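Shown next, in structure tokens, is the structure this report addresses.
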2 protein chains.
Amino acid sequence: MSASTKLSTAVQALCVLAANRDCPHSSESISRETGIHPSRIRGILAMLSREGLVLSTRGLSGGFALAREPHTIHLQEIYCAVEERKAFHLDVTRAGGTKYPLPARVNGWFLDLFSDIQIQIEERMRTITLADVLRHIHVPQS
Amino acid sequence: MSASTKLSTAVQALCVLAANRDCPHSSESISRETGIHPSRIRGILAMLSREGLVLSTRGLSGGFALAREPHTIHLQEIYCAVEERKAFHLDVTRAGGTKYPLPARVNGWFLDLFSDIQIQIEERMRTITLADVLRHIHVPQS
DNA sequence: TAAATTGTTACTGGTCCTGTGACAATTGAG
DNA sequence: CTCAATTGTCACAGGACCAGTAACAATTTA
């Protein structure tokens with residue numbers, strides 16, 4: 001698969017944060033709106049926090065909040081924060097080496113093609129912001 | 001992942017078939033040139049055979065051969081013959097239903113976006129033929 | 001009749017993802 | 001200060017998918 005549910009979970013959580021920016025949201029409260037396990041939400045929002053997309057504070061009345069305006073948060077950032085692997089990649093564990101020149105050459109060609117496609121996809125995702133998503137799914141922004 | 005090694009294996013096998021079109025190639029002989037297990041090659045070439053990309057004959061002096069000219073075989077056909085899953089897809093096992101409207105809406109939006117990207121990728125792969133691959137990896141065509 | 005070959009199935013092992021629980025670290029309230 | 005709430009992180013089990021391999025029936029030719 002190209003995109004795991006992590007990406008969807010991240011966007012859902014960001015939508016919750018964007019819907020009400022007055023106070024931080026706990027993983028519990030986000031879970032109540034999405035049905036996703038709080039621990040999972042914490043794990044994914046921690047990744048977004050490391051990339052500076054959300055702010056997190058511990059302790060009483062702590063929680064998560066958007067770090068920037070929704071129209072400045074791009075889908076590509078969310079994707080890269082959450083997914084380690086490339087969107088479009090090829091498993092080339094079999095190097096081939098000198099014994100089998102054909103697989104080495106074919107895999108090399110594929111790697112070039114796929115990294116090219118990868119760039120195309122990321123460019124496309126860079127044109128979509130969290131504000132666009134909110135508009136499309138009709139979530140009122142505060 | 002987006003593309004398994006099946007796609008690479010399929011292209012490698014097609015390159016072997018294209019390099020010498022005079023006689024059918026057995027899975028054994030293709031294995032000797034690629035290092036891939038004969039059973040795996042048979043499985044993948046059976047998929048290509050079902051889609052009409054290669055011809056297969058059993059029995060003595062049987063084997064596999066290209067069904068069409070290399071410049072009429074497009075990468076997109078190979079891909080679709082070999083991969084069940086979409087190149088760019090999202091696991092949306094969690095339907096959400098009426099209890100959680102947010103995930104349902106976000107996942108629906110993602111499905112639209114991804115099928116759009118999928119179309120882009122397939123269009124790109126439709127512009128690449130087996131003959132192009134052979135040229136790029138310097139395999140002489142007979 | 002026998003040998004060679006494909007087509008298909010089953011099994012094993014590995015990797016990744018999801019869901020879940022647990023607990024230390026941190027922070028604010030009283 | 002003490003305690004409760006919260007994040008950050010780790011560990012574990014279960015499932016899905018894939019690669020690699022072996023085995024065997026079906027088919028075809030010599």
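None of these values were measured; they are calculated from a predicted model.
- To the nearest angstrom, C1' of D:dA19 lies 15 Å from CZ of B:Arg42.
- The base of D:dA22 sits with one of its N or O atoms less than 3.5 Å from a complementary donor or acceptor on the side chain of B:Ser39.
- With hydrogens and angles ignored, the 3.5 Å screen pairs a side-chain donor or acceptor of B:Thr34 with a backbone N or O of B:Ile30.
- Spacing between atom CE of A:Met47 and atom P of D:dT7 amounts to 15 Å, rounded to whole angstrom units.
- Rounded to an integer number of Å, the gap from CG of B:Leu17 to P of C:dT6 is 11 Å.
- Between A:Ser61 and C:dG28 there is no side-chain N or O to OP1 or OP2 distance below 4.0 Å.
- Distances were taken from every side-chain heavy atom of B:Ser56 (C-beta onward) to each of C:dT18, C:dT8, C:dT6; the shortest belongs to C:dT6.
- In the interface, the side chain of A:Arg40 is not paired with the base of C:dG19 through any donor and acceptor atom under 3.5 Å apart.
- Distances shorter than 4.0 Å separate none of the side-chain N or O atoms of B:Thr57 from OP1 or OP2 on D:dT28.
- Rounded to whole angstrom, the span from the CG atom of B:Leu55 across to the P atom of D:dT27 amounts to 18 Å.
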* Show your reasoning for whether side-chain hydrogen bond (donor to acceptor under 3.5 Å, both in side chains) applies to A:Ser8 and A:Gln12. => CA-CA 6 Å; A:Ser8 172; A:Gln12 289 174 47; 2.8 Å; yes
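- Between the side chain of A:Arg105 and the backbone N or O of B:Ile137, at least one donor-acceptor pair lies under 3.5 Å.
- B:Gln12 places its CD atom 12 Å from the P atom of D:dA19, with the value rounded to the nearest Å.
- A:Ile41 places its CD1 atom 17 Å from the C1' atom of D:dA5, with the value rounded to the nearest Å.
- Both A:Gly62 and A:Gly43 sit near DNA chain D, but only A:Gly62 has its closest nucleotide nearer the 5' end.
- You'll find that the side chain of B:Arg58 is closest to D:dA26, out of D:dA19, D:dA26, C:dA29.
- Candidate nucleotides C:dT6, C:dT8, D:dT29 were compared by shortest atom distance to the side chain of B:Ala46, and C:dT8 ranks first.
- Per the geometry, NE2 belonging to B:His37 stands 11 Å off C1' belonging to D:dA23, to the nearest Å.
- A donor-acceptor contact shorter than 3.5 Å is absent between the side chain of B:Thr72 and the backbone of B:Arg68.
- Side chain of B:Ser115 to backbone of B:Leu111: a donor-acceptor contact under 3.5 angstrom is found.
- Remark: P of D:dT6 and NE2 of A:His25 are 13 Å apart, rounded to the nearest angstrom.
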